[in-house]
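Reading through the structure tokens given below for one structure.
Side chains included, hydrogens not; waters and symmetry mates left out as well; all remaining heavy atoms used. Letters A, B, ... are given to chains in the order of the sequence lines, protein chains preceding strands, and every chain is numbered from 1.
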Amino acid sequence: MEKKYNPEVIEKKWQDYWEQEKLFKVEIDTTKEKYYLLEMFPYPSGRIHMGHVRNYCIGDVVARFKMMTGLNVLHPMGWDAFGMPAENAAIKNHSHPAIWTINNINEMRRQLKRMGLSYDWDREIATCHPDYYKWEQWLFIRMLENGLVYRKKSIVNYCKPCATVLANEQVEAGCCWRCGEPVVQREQDGWFFRITKYADELLDWCDRLTGWPERVLTMQRNWIGRSEGAKILFKQENSDQSIEVFTTRPDTLYGATFMSLAPEHPLCLSLSKGTSQETPVQEFVNHALTQDWQSRVGESVGKEGVFTGAYCINPLTSRRMPIYCANFVLYEYGTGAVMAVPAHDQRDFEFAKKYGLDIIIVVQPTDHVLSAETMTEAYVGPGNLINSGEFDGTDNESAKKAISKKLKSMNQGGPTTNYRLRDWGVSRQRYWGAPIPVIHCAKCGPVPVPDLELPVVLPIDIEFPESGRSPLPDLDWWVNTHCPKCGSDARRETDTMDTFVESSWYFDRYTCPRYDNGLLDPVQDRYWSPVDQYIGGIEHAILHLLYSRFFTKALRDLGIKKESEPFRNLLTQGMVIKDGAKMSKSKGNVVDPEDLINKYGADTVRLFCLFAAPPERDLEWTSEGVDGAQRFLNRIWNLVLEYKDLKSSDQILMESADSRTIRRVTHKTIKKVTEDISNRFRFNTAIAAIMEMSNELSKVSCEEIYAKNDLKAAMKDAIESLVLLMSPFVPHISEELWEALGNKGGLTRRLWPTYNSEMILEDSLTIVAQVNGKKRAEIRVPTSATEDEMKQSAIAEANVQKFIEGRVIRKIVVVSGKLVNIVVS
RNA sequence: GCCUGAGUGGUGGAAUUGGUAGACACAAGGGACUUAAAAUCCCUUGGGGCAUGUCCCCGUGACGGUUCGAGUCCGUCCUCAGGCACCA
């Protein structure tokens with residue numbers, strides 16, 4: 001053993017050893033309990049950042065700990081390798097997305113290996129590999145066959161110069177993020193996953209995901225946004241057509257005085273056609289549709305609208321209700337049409353005031369009286385119905401049900417449920433993604449590519465255009481094909497899939513990454529699924545985690561999987577920040593993990609990441625803290641150096657108090673560290689306990705230890721336990737120290753130390769003596785002391801006497817092992 | 001606006017079921033070793049008081065409440081962070 005801790009040498013040594021011994025390679029072992037641990041796989045952006053480091057350090061502690069407790073641990077890693085940054089980089093560097101991606105993967109794999117993470121690298125997957133997306137295409141077709149995928153026209157953000165659809169987050173202040181030209185709304189065909197079919201199930205299962213943070217579940221519940229209400233049909237005047245609306249307030253139907261349609265609603269134009277309102281409506285609609293989203297629905301935007309010239313009929317009052325087109329009505333939510341009740345809805349109130357429309361109060365609160373003439377805002381609270389015919393006097397909650405029921409009996413609507421969740425549009429007019437496996441035939445329409453022709457390989461050998469426009473539509477040799485059904489000339493779908501599709505099932509593929517007879521090997525899936533612990537950033541709380549849940553249910557219904565939920569437990573780690581802000585290039589506060597590894601070694605970096613904050617919280621990066629972590633590892637190194645030659649084989653005549661103290665510290669620490677890792681993921685307190693133990697052991701004199709057999713034995717056990725306890729956090733130095741103690745390498749094959757409760761017991765303990773709840777003394781009592789004895793020693797204490805003297809003792813509260821509280825008047 | 005979290009020393013954080021507030025670190029100050037520095041080791045370190053103690057008072061965002069006892073439970077409010085946001 002070297003005199004000085006030299007991470008550079010030992011980290012390389014043990015990483016090589018782990019790789020040669022294939023220490024982290026796993027296979028099904030039915031004699032062992034399985035544990036599937038997964039961290040969110042990275043996008044191969046080029047270099048790992050501190051967020052990755054933190055995420056993967058946390059995962060590695062859990063993985064190594066679970067291995068040591070005897071579980072069969074699956075701990076894989078891979079690459080979320082499709083996506084736009086590859087295209088941008090290719091444009092910038094006159095390169096190719098594939099080359100850029102592969103180089104990045106190689107670089108990042110090398111960096112991750114330097115962290116000493118316990119991955120089974122044989123299971124590595126990259127989602128841009130045809131062997132991976134082949135099964136995604138296969139699944140797409142199965143979903144298409146089962147009605148879970150469909151094609152529809154929808155309104156999208158479109159950039160003309162770039163000839164592509166933009167995601168909402170790629171539109172900056174109404175302009176394209178790349179070319180700066182204004183984005184327009186455009187109706188376009190695209191493929192959709194029918195996630196709304198699972199809205200109820202996704203929502204209901206939120207209550208059963210007991211291993212997920214409540215915060216994430218709340219966000220998902222809000223996103224799904226189930227609301228109970230009614231659909232109501234309003235007959236159009238002079239027509240047998242009806243307009244359907246959704247409302248959560250059917251109780252206010254008697255107060256509905258007009259109707260509002262979203263500008264996208266086709267009725268806006270058709271109703272006004274041929275009337276004097278035709279031109280104003282056309283202008284209004286055109287204006288609304290060409291506006292960017294912010295200036296149309298933004299917070300500060302007022303209510304605007306225009307009369308369509310048409311009327312509909314309130315089914316209960318037979319009132320003639322003018323139909324308006326209004327900017328605040330969302331086409332995507334509900335039916336894109338709303339009944340307006342100005343007295344009881346703030347938006348309708350503002351709109352009615354502006355355009356001079358009638359306000360009728362139908363819900364009267366019990367504590368004050370509303371009047372339509374004087375009210376300055378809508379009343380949305382509870383109350384009893386008025387102006388509502390047969391429902392007058394009913395409380396409005398019961399009226400919701402009663403009126404829904406009546407509408408149903410009239411065939412004019414009825415109770416219904418509506419969701420905020422919309423179907424998931426996955427078409428992207430981009431190159432670097434998985435091709436959608438469909439062929440468009442003029443006669444047969446869209447036809448799935450036959451299974452035998454899968455995968456539809458993304459053409460790689462191409463010139464990547466500088467415009468950013470996808471080269472696929474121009475690749476005649478690739479696009480032109482024949483219809484699988486009728487054989488006539490046809491064109492391939494040139495859209496690729498949203499990259500969230502790949503990450504919605506990658507965790508399944510890790511169980512059988514090279515399986516070629518199907519998407520999943522049922523034997524592997526049954527053994528490994530579901531993921532027992534998933535770890536990643538909170539930023540994926542909705543999209544990725546919701547999509548993955550949807551895919552799991554879809555795979556189940558297609559008979560491919562048994563499980564209904566992908567991730568049994570979820571840990572969301574906080575961000576890494578520096579100087580109070582998230583690390584970013586623009587702020588100039590980025591710390592490069594590899595520089596740190598070069599300077600300190602991976603163990604120090606790991607230790608700091610795990611010690612400075614609990615996983616869910618943000619981690620403030622400080623270089624002083626890293627220095628501190630390094631100092632601790634040096635101290636441990638020196639401590640082990642002192643005791644590495646201890647032999648415990650000498651005969652022990654009697655255990656002394658000193659050796660019992662060493663054993664007590666050891667067993668207490670084993671208990672604390674075990675519980676902190678397994679129950680709570682509180683690595684910071686686990687490490688603090690290890691530090692306390694090492695401080696204790698450093699206090700005793702080395703000569704004394706070597707002088708007595710019982711101390712030698714106790715210390716040897718203590719040092720060995722210490723190294724084992726440290727090993728999930730700082731594996732390299734632990735292996736080296738373990739070897740120096742005369743053992744063989746491969747600590748994850750060792751058993752995690754266990755504690756003996758009897759060893760933790762002390763002969764006497766310190767308890768607190770309080771008077772009226774204030775601490776007045778600390779007293780030592782024998783562990784075996786009875787309540788009475790504890791009371792007596794508390795009362796006998798001089799400082800306690802001072803406070804009870806001359807007062808009457810009303811009551812004495814005894815908490816065994818903790819305190820005695822004497823209550824005096 | 002609505003929904004979630006979170007507010008504890010100079011800093012990161014600890015206190016697991018209502019029972020010693022500040023574990024463990026970082027920073028700072030003092031000391032030892034050294035010709036010197038670095039490294040290392042030791043001591044002090046929430047605020048205040050004096051009678052300098054096994055002392056007293058105050059102290060976990062604010063104010064109330066429950067309790068023998070509250071950082072922890074309840075109520076009202078304040079601040080910060082995140083999510084959603086004209087969702088009918």
Side-chain angles (χ1 to χ4, degrees), chain A residues 213-223 225 227 229 245-249 252 260 262 296-299 301-303 326-330 332-341 344-348 350-351 418-422 538-539 541-542 574-575 607-608 611-614 616-629 631-632 634-635 638 672 675-676 679-680 682 684-695 698 766-779 797-800 802 810-824:
Chain A
E214 203 46 47
R215 200 148 78 100
V216 173
L217 294 173
T218 306
M219 281 161 75
Q220 293 216 346
R221 287 188 189 105
N222 291 343
W223 187 264
S227 50
V245 304
F246 170 76
T247 181
T248 54
R249 296 295 304 273
T252 62
S260 307
R296 180 169 150 203
V297 300
E299 210 172 341
V301 182
K303 309 271 174 295
N327 64 344
F328 64 90
V329 181
L330 305 173
E332 299 85 358
Y333 186 77
T335 61
V338 228
M339 72 173 200
V341 185
H344 304 292
D345 181 285
Q346 186 57 25
R347 295 155 299 189
D348 297 341
E350 287 169 31
F351 196 86
N418 195 53
Y419 302 87
R420 213 187 76 100
L421 182 71
R422 292 178 223 150
I538 186 89
E539 65 272 19
I542 298 171
M575 292 186 305
L607 186 65
F608 176 78
F611 176 64
E616 316 79 40
R617 266 206 237 184
D618 285 351
L619 174 83
E620 171 79 31
W621 186 267
T622 63
S623 58
E624 293 84 1
V626 186
D627 290 334
R631 275 201 293 273
F632 172 69
N634 276 320
R635 281 200 296 274
N638 295 334
K672 171 78 178 154
E675 289 173 353
D676 279 354
N679 304 342
R680 314 198 302 154
R682 296 299 283 267
N684 55 332
T685 51
I687 292 167
I690 293 172
M691 288 174 168
E692 276 184 82
M693 177 176 174
S694 100
N695 290 346
S698 305
T766 306
I767 66 167
V768 165
Q770 295 181 335
V771 179
N772 285 349
K774 289 204 174 218
K775 176 182 158 188
R776 293 304 174 191
E778 284 179 9
I779 53 178
E797 193 65 24
N799 205 48
V800 172
K802 240 167 74 184
R810 296 273 176 222
K811 186 172 162 186
I812 301 179
V813 182
V814 180
V815 182
S816 81
K818 297 267 170 154
L819 58 77
V820 176
N821 186 16
I822 301 162
V823 185
V824 295

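- Among the heavy atoms of the strands lying under 4.0 Å from A:E778 is at least one base atom, whether or not backbone atoms are also near.
- A close approach under 4.0 Å does occur between a side-chain nitrogen or oxygen of A:N695 and OP1 or OP2 of B:rA25.
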Pairs under 3.5 Å (N/O, protein and nucleotides 65-68 of chain B):
residue : atom : partner : partner atom : Å
B:rC68  : O2'  : A:N821  : ND2          : 3.4
B:rC68  : O2   : A:N821  : ND2          : 2.4

Pick out the pairs of N or O atoms, protein on one side and nucleotides 27-30 of chain B on the other, that lie under 3.5 Å.
residue : atom : partner : partner atom : Å
B:rA27  : OP2  : A:R631  : NH2          : 3.4

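- Listed nucleotides: B:rC55, B:rA88, B:rA25. Nearest to the side chain of A:R635: B:rA25.
- Checking B:rC68 for Watson-Crick or G-U wobble geometry (two distances, each under 3.5 Å) identifies B:rG19 as its partner.
- Following rounding to the nearest Å, A:M339 (CE) and B:rC87 (P) show an atom-to-atom distance of 14 Å.
- Figure legend: A:K303 and A:F351 shown without cation-pi pairing, the cationic atom not lying both under 6.0 angstrom from the six-membered ring centre and within 45 degrees of its axis.
- For A:K774, no side-chain nitrogen or oxygen approaches OP1 or OP2 of B:rA70 to under 4.0 Å.
- Residue A:S227 is in sugar-phosphate contact alone, with no base atom involved, counting any heavy-atom pair closer than 4.0 Å across all strands shown.
- Taking for each of A:I767 and A:T218 the nucleotide of RNA chain B with the nearest heavy atom, the 5'-most of the two is the partner of A:T218.
- Not one N or O on the side chain of A:D345 forms a donor-acceptor pair closer than 3.5 Å with the backbone of A:A340.
- When rounded to the nearest whole Å, the span between CE of A:M219 and P of B:rA81 equals 17 Å.
- If you take CD of A:E616 and C1' of B:rU4, they are 15 Å apart, rounded to a whole angstrom.
- Remark: the A:K303 side chain and the B:rC86 base include a donor-acceptor N/O pair separated by less than 3.5 Å.
- Nucleotides B:rU8 and B:rA81 place their P atoms 14 Å apart, quoted to the nearest Å.
- Between A:Y333 and A:S227, the closest heavy-atom pair is OH-OG, 3.2 Å.
- Within the 4.5 Å cutoff, no side-chain heavy atoms of A:K802 are placed close to those of A:V771.
- Residues meeting the side-chain contact (heavy atoms from CB on, under 4.5 Å) test with A:R617, sequence neighbours left out: A:P614.
- Using a 4.0 Å cut-off, no side-chain N or O of A:T248 falls inside it from OP1 or OP2 of B:rC87.
- The CE-C1' distance, from A:M691 to B:rA23, rounds to 12 Å in whole Å.
- Two residues are said to be in side-chain contact when any heavy atoms from C-beta on lie closer than 4.5 Å; A:I812 and A:V823 fail this criterion.
- With both pairing distances under 3.5 Å, B:rC41 is matched to B:rG31 as a Watson-Crick or G-U wobble pair.
- Comparing the same atom, P, in B:rC24 and in B:rC33 gives a spacing of 27 Å after rounding to whole Å.
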Which pairs, protein N/O on one side and nucleotides 10-15 of chain B N/O on the other, fall under 3.5 Å?
residue : atom : partner : partner atom : Å
B:rG12  : O2'  : A:A612  : O            : 2.6
B:rG13  : O3'  : A:N684  : ND2          : 3.3
B:rA14  : OP1  : A:R682  : NH2          : 2.5
B:rA14  : OP1  : A:N684  : ND2          : 3.1
B:rA14  : OP2  : A:R617  : NH2          : 2.9
B:rA15  : OP1  : A:R680  : NH1          : 3.3
B:rA15  : OP1  : A:R680  : NH2          : 3.0
B:rA15  : OP2  : A:R682  : NH2          : 3.2

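- Residue contacts for A:G334: at a heavy-atom cut-off of 4.0 Å it reaches no nucleic acid atom on any strand shown.
- Partners of A:A777 according to the side-chain contact (heavy atoms from CB on, under 4.5 Å) rule, which considers only residues two or more places apart in sequence or in another chain, are A:A769, A:E797, A:V800.
- Straight-line distance between the P atoms of B:rC50 and B:rG82: roughly 46 Å, to the nearest whole Å.
- As the counterpart of B:rC84, B:rG1 is assigned, both hydrogen-bonding distances of the Watson-Crick or G-U wobble pattern falling under 3.5 Å.
- A donor-acceptor pair under 3.5 Å links the side-chain atoms of A:D618 to the main chain of A:M575, judged by distance alone.
- The nearest whole Å value for the distance from the CZ atom in A:R347 to the C1' atom in B:rA85 is 11 Å.
- On the C1' atoms, B:rA6 is 14 Å away from B:rG13, given to the nearest whole Å.
- When the C1' atom is used for both B:rC58 and B:rA21, the distance is 13 Å, rounded to whole Å.
- Across the protein-nucleic acid pair, A:N634 atom CG and B:rA38 atom P stand 17 Å apart, rounded to whole Å.
- Using a 4.0 Å cut-off between a side-chain N of Lys or Arg and a carboxylate O of Asp or Glu, A:R221 and A:E214 qualify as a salt bridge.
- Within the 4.5 Å cutoff, no side-chain heavy atoms of A:T247 are placed close to those of A:V338.
- The same atom, C1', is picked in B:rU35 and in B:rG47; the two are 43 Å apart, to the nearest Å.
- Rounded to a whole Å, the CD1 atom of A:I538 is 17 Å from the P atom of B:rA81.
- Within 4.0 Å of A:V329, counting heavy atoms only, lies at least one base atom of the nucleic acid.
- Remark: B:rA62 base-pairs with B:rU76. Criterion, Watson-Crick or G-U wobble with two distances under 3.5 Å.
- The pairing partner recorded for B:rA25 is B:rU11, the criterion being a Watson-Crick or G-U wobble arrangement whose two distances lie under 3.5 angstrom.
- OP1 and OP2 of B:rC84 both lie 4.0 Å or more from every side-chain N or O belonging to A:R221.
- Smallest separation of non-hydrogen atoms from A:V329 and A:S260: CG2-CB, 3.6 Å.
- Between A:R215 and A:I538 the shortest side-chain heavy-atom distance falls below 4.5 Å.
- Taking the P atom of each, B:rC87 and B:rG61 are spaced 36 Å apart, rounded to whole Å.
- Every residue meeting the ring-ring contact (aromatic ring centres under 6.0 Å, His included) condition with A:F608, not counting sequence neighbours, appears here in chain and number order: A:W621.
- Nucleotide B:rG61 is shown with an anti base, its glycosidic torsion being more than 90° from 0.
- Between the A:D676 side chain and the A:N684 main chain, no donor and acceptor come within less than 3.5 Å of each other.
- Close to B:rC3, at under 4.0 Å from its OP1 or OP2, lies no side-chain N or O of A:R215.
- Projected onto RNA chain B by closest heavy-atom contact, A:N799 and A:R420 fall at different nucleotides, the more 5' of which corresponds to A:N799.
- We find that NZ of A:K775 is positioned 13 Å from C1' of B:rG19, with the value rounded to whole Å.
- Between A:A689 and A:K672, the shortest heavy-atom distance links the atoms CB-CG, 3.5 Å.
- Across the C1' atoms, B:rA25 and B:rA14 are found 11 Å apart, a figure rounded to whole Å.
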